2 protein chains.
Amino acid sequence: MRGSRAQCWRGRFQGGGYRLTKPRELILDVLAKSKEHLSAEDIFLSVHKIYSNIGLTTVYRNLELLVEMGAVAKLHFGNGKASYEFSRDGEKDHHHHLVCRKCNKVIDYADFMKEEEEFLQKIEKGLSKKYKFEIQDHVIHFHGFCKSCQTS
Amino acid sequence: MRGSRAQCWRGRFQGGGYRLTKPRELILDVLAKSKEHLSAEDIFLSVHKIYSNIGLTTVYRNLELLVEMGAVAKLHFGNGKASYEFSRDGEKDHHHHLVCRKCNKVIDYADFMKEEEEFLQKIEKGLSKKYKFEIQDHVIHFHGFCKSCQTS
DNA sequence: CTCCTTTATGACAATGATTATCATTATCAA
DNA sequence: TTGATAATGATAATCATTGTCATAAAGGAG
């Protein structure tokens, strides 16, 4: 039980010459548990609760690594800090975002995902051929006003 | 000739209780001329060439205003600073982005736009109904490796 | 299991983009 | 032309993120 997922990650890390360390494991745990998009500081605080040695720098460094590995997506909504979440990876809970222009609230939606993914795959194929670009992931944000920020 | 566009903007500003000032006019000019996504500093430097009084703060302030007005889109690629460009507004030259995960190069593409826009409109309709969210704009980014950053 | 090389960590300082402050100036409706 | 109000620009302040470096931990070799 314990460690089955850890072992999977261990493999992914070691493939790149990296090691599976406690901070890394805990960061992954936090990311996995909270389906939300978290800031580096959010993650730092969560990990800190059970491992008070963790340093904020380490969190940043590992997020950067995970982004490079393609395991984590770094997103920007409107609040000045980056948000991180697991990237699609063909996962079940892939989703897209509605971002409120006023209060910066973010709604994750998973409706229409089948159609969207299907459509995106077609587009991706065309684009990667034309631009010789290896597409690994995508981000779709709709911007506007959420229910409570609509003036009219 | 001169001023027809300015008058249009004057109207948009005054509708919100804002004024059309020289810095604003020049910032809009720069944004209109360069189809590229520009950073606040890029814009500052461009305006500065012909109006050396401009302050960086003013550029930030006005970009923020334009974003609020829905006239300008604020985007984040991977270089630590925000990029700005006119938002769609049903314009001819609406486009989406391919962002390289390694060198942060951004390719604007306008292929498949007809299909994409058609598809997005359908999605937007469904989402705005379900989430009572007033959608004004969207962002689509594909992430991966550009031609010259592909290792394999 | 212990040792050793290498990678990773954490405290701290430094950077750099963005924002707040505030006295001064410019816009524009009357 | 004038006056109320919005906008500007210089400066300082904030705050997320990155660089530095001495120390600690991982994990392969023996």
Side-chain angles (χ1 to χ4, degrees), chain A residues 3 6-7 9-28 30 37-69 72 74-84 104, chain B residues 3 6-7 9-28 30 37-69 72 74-84 104:
Chain A
Q7 291 312 317
W9 280 105
R10 186 185 301 275
R12 283 183 81 170
F13 279 123
Q14 293 188 351
Y18 304 115
R19 295 170 181 174
L20 180 59
T21 64
K22 188 136 199 177
R24 274 177 194 163
E25 203 173 341
L26 294 172
I27 289 168
L28 289 165
V30 169
H37 32 269
L38 300 170
S39 69
E41 198 188 358
D42 291 336
I43 295 169
F44 168 76
L45 290 173
S46 283
V47 174
H48 188 269
K49 281 181 197 154
I50 50 177
Y51 184 70
S52 61
N53 272 3
I54 190 83
L56 181 53
T57 310
T58 299
V59 174
Y60 274 107
R61 261 189 309 237
N62 283 310
L63 287 171
E64 187 188 6
L65 175 62
L66 290 164
V67 169
E68 265 173 28
M69 289 169 59
V72 164
K74 181 180 184 178
L75 305 171
H76 288 267
F77 304 113
N79 58 0
K81 52 186 90 173
S83 297
Y84 300 85
N104 289 326
Chain B
Q7 290 313 318
W9 281 105
R10 184 184 304 273
R12 284 185 79 169
F13 280 123
Q14 295 188 352
Y18 304 115
R19 295 168 181 176
L20 179 59
T21 63
K22 187 134 198 178
R24 273 178 194 164
E25 201 172 341
L26 294 172
I27 289 168
L28 288 165
V30 168
H37 32 268
L38 300 170
S39 70
E41 198 189 358
D42 291 336
I43 294 169
F44 168 76
L45 290 173
S46 282
V47 174
H48 188 269
K49 281 180 195 156
I50 50 178
Y51 183 70
S52 61
N53 272 2
I54 190 84
L56 182 53
T57 308
T58 299
V59 174
Y60 274 106
R61 260 190 309 239
N62 283 309
L63 287 171
E64 187 189 8
L65 175 62
L66 289 165
V67 169
E68 265 173 28
M69 289 169 61
V72 164
K74 180 179 183 179
L75 304 172
H76 287 268
F77 304 113
N79 57 0
K81 53 186 88 173
S83 296
Y84 300 85
N104 289 327

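Naming: A, B, ... by sequence-line order, numbering from 1 per chain. Keep in mind the model is a prediction, meaning the values are calculated, not measured.
- Looking at the side chain of A:Pro23, the nearest of the listed nucleotides C:dT9, D:dA7, D:dG9 is C:dT9.
- Side-chain atoms of A:Thr21 and base atoms of C:dT9 include no donor and acceptor less than 3.5 Å apart.
- Between B:His76 and A:His76, the two ring planes are parallel [angle under 30°; tilted spans 30° to 60°].
- Toward the 5′ end of DNA chain C lies the nearest nucleotide of B:Leu56, the other residue of the pair B:Leu56 and B:Arg10 mapping further downstream.
- With D:dG9, C:dA8, D:dT17 as the candidates, the nucleotide lying closest to the side chain of B:Arg61 is D:dG9.
- Dashed line: the shortest gap from a side-chain N or O of A:Gln14 to OP1 or OP2 of C:dT7 is not under 4.0 Å.
- Residues meeting the side-chain hydrogen bond (donor to acceptor under 3.5 Å, both in side chains) test with B:Arg19, sequence neighbours left out: none.
- Annotation: side chain of B:Asp42 is not in contact with side chain of B:Tyr84 (no heavy-atom distance under 4.5 Å).
- Closest to the side chain of A:Tyr60, out of C:dT9, D:dT17, C:dT18, is D:dT17.
- Comparing B:Gly80 and B:Arg19, the nucleotide of DNA chain C nearest to each residue sits closer to the 5' end for B:Gly80.
- Between D:dG9, C:dT18, D:dT17, one nucleotide has an atom nearer to the side chain of A:Lys81 than all others, and that is D:dT17.
- The side chain of A:Tyr51 approaches C:dG10 more closely than any other nucleotide in the set D:dA7, D:dT11, C:dG10.
- For the pair A:Asn104 and A:Phe77, the minimum side-chain heavy-atom distance is 4.5 Å or more.
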